[in-house]
Each structure stands twice: as C-alpha cells, then as structure tokens.
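Notes to accompany the following structure.
To find a chain, count down the sequence lines: A is the first, B the second, and so on, and within it residues start at 1. Bear in mind the structure is a predicted one, so any value in this text is a computation, not a measurement.
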Number of protein chains: 2
Amino acid sequence: MMSAQSVLDSSIRARIQRTPLFSAWPEGAFAALLEQARVRRLDLGEILFHEGEEARAFYFLLDGEVDLISLGAGGREKIVEIIQVDDLFAEAVAFLGGRYPVQAAAGLASTVVEIPFAPFMTTLQGNQELMPQMLARLSMRLHYLIKELRHLSMESANQRVASYLLDLCPAGGECVEISLPAKKAAVAARLGLTPETFSRVLGRLRKAGLLRVDKRSLQIPDPQALRRWADSG
Amino acid sequence: MMSAQSVLDSSIRARIQRTPLFSAWPEGAFAALLEQARVRRLDLGEILFHEGEEARAFYFLLDGEVDLISLGAGGREKIVEIIQVDDLFAEAVAFLGGRYPVQAAAGLASTVVEIPFAPFMTTLQGNQELMPQMLARLSMRLHYLIKELRHLSMESANQRVASYLLDLCPAGGECVEISLPAKKAAVAARLGLTPETFSRVLGRLRKAGLLRVDKRSLQIPDPQALRRWADSG
DNA sequence: GATGCGGCTTGATCCCGATCAAGAAATTGC
DNA sequence: GCAATTTCTTGATCGGGATCAAGCCGCATC
C-alpha cells in the first residue's frame with residue numbers, strides 16, 4: 001500500500017539539498033527537479049522496487065529504514081546495504097542500463113522522496129559542470145563494494161562483525177556507545193551471516209569483555225583491543 | 001625488473017584508441033596523452049602497483065596477464081579480476097582518492113602501457129563532453145562488482161564455477177569451445193576457491209557429461225543443461 | 001495475570017569447502 | 001632423454017558456519 005503527495009515542504013527540500021550530490025546544483029534546476037518528485041509512504045516489508053525492474057526514479061529516505069537486497073537462487077538473500085535516514089539511494093542506477101540491480105524493501109514503516117530520472121539526466125546533460133559530483137558518488141559506491149568484497153571473501157564471521165562494529169564508531173576516537181542501525185537479523189544479513197551466528201559472535205565478544213550489549217545499543221570499552229582481537233582470532 | 005621506452009608505435013596507439021573510453025577523444029588530446037605514456041615489461045609475479053600505494057597512472061595490457069588482487073589478514077588473497085590483453089585497467093582509480101584499492105601483479109610475463117593520470121584528468125576537465133564515457137566505465141565496474149558480490153555471498157562452489165564458465169561463452173548461442181583465461185589456480189582464486197575445490201568441481205562436471213576438459217580448453221556440449229545443473233544442485 | 005507473538009539466544013548436528021598429504025601429469029632445464 | 005620443478009588431480013580429515021530445534025525475554029492485548 002502506498003500514498004503519494006505532490007508538494008514537498010521546504011524543510012524536506014533543505015534536507016535533500018544538503019546531500020553532496022545536490023549541494024552544487026543551481027537553485028532553479030533543483031527546484032524544477034523537485035517539482036516532479038513525490039513523497040511515498042511504505043509499510044514494513046513493502047517493496048519499493050524489484051531487482052531487474054525498469055528504473056525510473058531514485059530516492060531519498062526521509063524516515064524509517066530501507067534495505068537493498070540482492071536475491072539468489074532458492075530464496076537466499078543478502079542485504080547489500082542498509083539505507084539510513086537522509087541517505088540518497090539508487091541514484092547510480094541512472095547509468096546502469098536502466099534496470100535496478102538489487103531490490104529495495106522497507107525494513108520499517110518508512111517515508112521516501114521519489115525523484116524521477118528523466119529531468120535529472122536532462123539537467124545533468126545541460127550542466128556538465130555537475131558531472132564531477134556524480135563521478136564522485138559512483139566512485140564512493142565502487143570503493144564501498146570493493147571493501148565489501150574483501151570482507152566477504154576473506155574474513156571470518158568474527159572479523160566481519162568486529163570490522164563492522166568498528167566502522168560504526170565515529171572516526172578514530174573513543175566510541176563508548178554505538179547503536180545498531182537495524183534489528184539484529186537485518187544486520188546479520190548485511191554481514192552475510194545468519195542471526196544465530198551473529199548472536200553467537202556478540203556473545204563471544206561479551207564474554208571476552210570487549211563489548212557490552214543492551215538491546216540495540218552497544219558499548220565498546222576498548223576499540224583497539226577489539227581491533228587486535230579481530231586481527232588475531 | 002622493468003624497462004621503459006618512450007615511443008609508442010602506431011599499431012599500439014590504434015589498439016588503445018579502440019577502447020570505448022578513448023574512441024571519442026579528439027585526436028590531438030589523445031596524441032598528447034600518449035606522449036606521456038610509457039611501455040613497461042613485467043616479469044612473472046612482478047607487482048605493478050601495491051594496494052594503498054599512491055596512484056599516478058593507469059594501464060593498458062598489451063600482452064600477458066595481470067591479476068588484480070585484494071589482500072586480507074594472514075596472507076589470504078582474492079583475485080578480484082583477471083585482466084586480459086587489450087583491457088584498460090585502474091582508470092577508475094582516478095576518482096578513488098588517489099590510492100590503488102587493490103594490488104596488480106603479473107600472472108605471466110607481460111607488457112603494459114602506463115598512462116599517467118595528470119594529463120588525463122586535465123583533458124577530462126577541459127572537455128566535459130568526455131565525462132559521460134567515464135561515467136559509463138565506472139558504472140560497468142559497479143555492475144561487475146554487484147554481480148561478484150552476489151556470486152560470492154550466495155552461490156555454492158558448483159554454482160560459481162558454472163556461472164563463470166557460462167559467462168565465458170560468447171553471448172547466447174552455442175559455445176562448443178572456450179578456454180580458461182589463466183592457469184587453473186588463478187581462476188580458482190578469481191572464484192574464491194582453492195585449486196583443489198576447483199579441480200573437483202570440474203571433475204564432477206566431467207563425470208556428469210556436462211564438460212570436456214583438455215588442458216586449458218573446455219567444451220560445453222550443452223550450455224542449457226549446465227545452467228540447469230547450476231540452478232538445481 | 002494469562003496468552004500470544006516477534007526478536008533474540010543457546011544447544012546439537014550437519015555439510016561444504018579448506019587443509020593436509022600424496023601422487024600423476026605436464027613443462028622446463030641440462 | 002631424463003631429472004627437476006611446477007601444475008593439476010585425488011583422497012582423507014577437519015572446522016566454521018548453517019541448519020534444525022528449543023527455550024527465553026519483552027511487549028502487546030485482553
């Protein structure tokens with residue numbers, strides 16, 4: 001079930017314009033683009049777009065949580081990325097031959113802004129000074145996927161969980177408290193693990209004194225020790 | 001050990017210009033770029049660039065074979081891609097923050113053309129009509145990595161080998177005979193498998209009558225049957 | 001409080017692919 | 001041609017994580 005409305009209030013527009021992709025856009029072009037955008041509400045579990053479906057729009061997540069999921073034979077699925085509030089997603093699909101390469105499903109009841117590709121691409125072609133920003137976006141995704149590939153293909157469950165937790169820490173410093181971006185089963189899928197294994201790894205970390213767990217919020221008393229534990233075990 | 005020479009003969013220039021990335025380049029800019037390029041010869045096993053190293057150039061493979069390798073803890077390594085003759089590689093690194101995200105090593109004695117980024121980027125910035133081609137290149141790599149991720153995270157050894165073999169077939173039709181692009185150990189690493197497992201899977205396929213193996217050349221009598229075998233088993 | 005349900009943990013067992021260990025076959029060197 | 005080295009195959013065992021199967025906890029509803 002979905003609903004759409006045609007007017008975006010100015011605070012929403014401001015949030016979208018704050019993304020790196022749009023911050024350099026001339027005001028006129030940006031306003032014209034958002035003319036065509038619509039707000040959509042998604043129920044928990046609702047599918048925003050399917051893998052292989054013709055791609056007509058990309059999205060900005062206002063509220064809730066959306067999972068990008070790659071489907072395999074026999075119902076197997078891997079969460080490629082958990083999209084967070086204020087993230088733009090699927091914009092790179094504009095150059096990927098017109099089909100979504102993954103599925104997007106709401107992990108919670110959510111709200112997204114749907115921005116059609118057609119006017120976006122037209123503006124991009126007419127203002128080529130905007131292209132470097134688009135190249136930068138694509139490069140970030142490339143980088144992200146290369147890292148993912150490394151994690152999946154040569155790290156153990158322990159190492160993957162540890163790296164993931166450390167990545168959640170704000171850069172560098174002490175990260176006493178962090179919180180999981182989604183329910184544990186989704187995080188497990190994001191890491192390519194079953195919920196059971198994920199739970200066991202957290203248990204191991206807890207017993208080793210490297211982690212305190214309370215519901216979805218975690219404390220890492222000594223990040224460096226965690227890093228060392230991952231590198232050795 | 002390496003040697004460099006400064007003049008590129010015209011047949012080499014023609015091969016490079018035939019790549020999609022350069023086919024739209026104005027003759028003058030292309031010639032100026034290749035002024036700065038150099039030929040390098042690599043011994044078997046020689047490392048062209050290391051992971052994390054500052055990126056100053058990208059490459060065109062004239063002859064031999066180069067493997068892009070991602071390194072993990074404890075000497076573990078995964079071949080991300082096996083570069084073939086007449087492929088351009090590492091050009092996307094221009095936008096990836098100035099460091100190579102993987103290592104490149106010669107899988108055979110090889111010859112590459114080394115093309116520095118500086119003049120390349122300058123030309124790109126001065127001729128923004130060339131950017132769409134660059135976007136297309138990045139998108140292809142994105143697409144490739146998404147596929148890789150899917151294969152690695154949710155397919156069995158059997159399925160990965162079968163998909164890989166089918167991908168080697170020229171599009172669609174009968175592909176009676178194909179040949180592995182590298183020695184079996186390298187192909188196994190590309191698939192995220194040990195040589196032993198790869199050998200066993202080929203053996204299984206042989207016994208099932210789905211494959212004939214002779215050295216490095218393979219015959220697939222019935223591609224559709226192979227596809228079915230992968231989808232079921 | 002009882003009941004039910006979804007999310008999480010814990011335990012027992014299984015299976016795929018890695019690892020260890022020989023051999024066989026192909027390639028190279030003399 | 002024959003030895004030496006590398007590449008590939010085959011077999012035996014091992015182990016990490018999946019799967020199967022209960023139980024547990026927090027929370028909602030009545």
Side-chain angles (χ1 to χ4, degrees), chain A residues 43-45 65 67 72-79 107-109 151-162 164 179-208 211-218 230 232-233, chain B residues 43-45 65 67 72-79 107-109 151-162 164 179-208 211-218 230 232-233:
Chain A
D43 294 330
L44 191 160
E65 180 208 313
D67 302 322
R76 215 96 218 80
E77 46 184 66
K78 161 81 169 58
I79 296 187
L108 295 174
H151 288 152
L152 263 179
S153 61
M154 21 196 210
E155 288 180 352
S156 67
N158 286 349
Q159 291 173 314
R160 294 215 291 275
V161 172
Y164 181 76
S179 93
L180 293 179
K183 55 188 93 165
K184 289 182 182 167
V187 174
R190 164 59 250 281
L191 291 169
L193 301 174
T194 56
E196 293 95 324
T197 300
F198 182 56
S199 176
R200 278 185 251 267
V201 173
L202 290 185
R204 248 168 262 156
L205 284 168
R206 201 158 16 80
K207 273 174 209 148
L211 189 69
R212 304 227 128 247
V213 183
D214 173 40
K215 247 202 80 159
R216 225 182 254 183
S217 77
L218 311 177
S232 65
Chain B
D43 294 330
L44 191 161
E65 179 208 314
D67 302 322
R76 216 100 216 79
E77 48 184 64
K78 161 83 167 61
I79 295 187
L108 295 174
H151 288 152
L152 262 179
S153 61
M154 26 196 207
E155 289 181 350
S156 67
N158 286 348
Q159 292 173 314
R160 294 214 292 275
V161 171
Y164 181 76
S179 94
L180 293 179
K183 54 188 95 165
K184 289 182 180 163
V187 174
R190 163 63 248 281
L191 293 169
L193 301 173
T194 56
E196 292 95 324
T197 299
F198 182 55
S199 176
R200 276 185 252 267
V201 174
L202 289 185
R204 247 168 264 156
L205 284 168
R206 201 157 16 81
K207 273 172 211 151
L211 188 69
R212 305 227 128 248
V213 183
D214 173 40
K215 245 202 80 161
R216 223 180 254 182
S217 77
L218 311 177
S232 65

B/Arg76, CZ atom: more than 12 neighbouring heavy atoms under 6.0 Å
no

Provide, to the nearest angstrom, the distance between the CG atom belonging to A/Leu108 and the P atom belonging to C/dG6.
16 Å

Could you tell me whether the side chain of A/Lys184 reaches within less than 4.5 Å of the side chain of A/Arg216, counting heavy atoms only?
no

May I ask you to verify if any side-chain N or O of B/Arg206 is less than 4.0 angstrom from the OP1 or OP2 atom of D/dC8?
no

Measure distances between side-chain N and O atoms of A/Arg200 and base N and O atoms of D/dG16, and say whether any donor-acceptor pair falls under 3.5 Å.
no

Smallest separation among heavy atoms of A/His151 and A/Arg160, with atom names
O-CD, 3.4 Å

Check the distance between C/dC16's P and B/Arg160's CZ and give it to me in whole angstrom.
14 Å

Distance-minimising heavy-atom pair for B/Ala189 and B/Lys78:
O-CD, 3.5 Å

Given D/dG17, is OP1 or OP2 found less than 4.0 Å from the side-chain N or O atoms of A/Thr194?
no

Could you give the CD-to-P distance, from B/Glu196 to C/dA21, as a whole number of Å?
12 Å

When rounded to whole Å, the NZ to P distance for the pair A/Lys184 and D/dC24 reads 18 Å

What's the CZ-C1' distance between B/Arg204 and D/dG11, to the nearest Å?
13 Å

Looking across every strand, which nucleic acid part, if any, lies under 4.0 Å from A/Lys215 by heavy atom: base, sugar-phosphate, or nothing?
nothing

Short side-chain N/O contact to D/dC8 OP1/OP2 from B/Ser199, under 4.0 Å
no

Looking at every non-hydrogen atom in both residues, tell me the closest pair between A/Tyr164 and A/Arg190 and how far apart they are.
CE1-NH1, 3.4 Å

Tell me which nucleotide among D/dA18, C/dT27, C/dG17 gets nearest to the side chain of B/Thr197.
C/dG17

Between atom NZ in B/Lys183 and atom C1' in D/dT6, what is the gap in whole Å?
9 Å

Measure from CG on A/Leu152 to C1' on D/dA18 and round the result to the nearest Å.
15 Å

Rounded off to whole Å, could you give me the CG-to-P distance for the B/Leu193 and D/dC8 pair?
14 Å

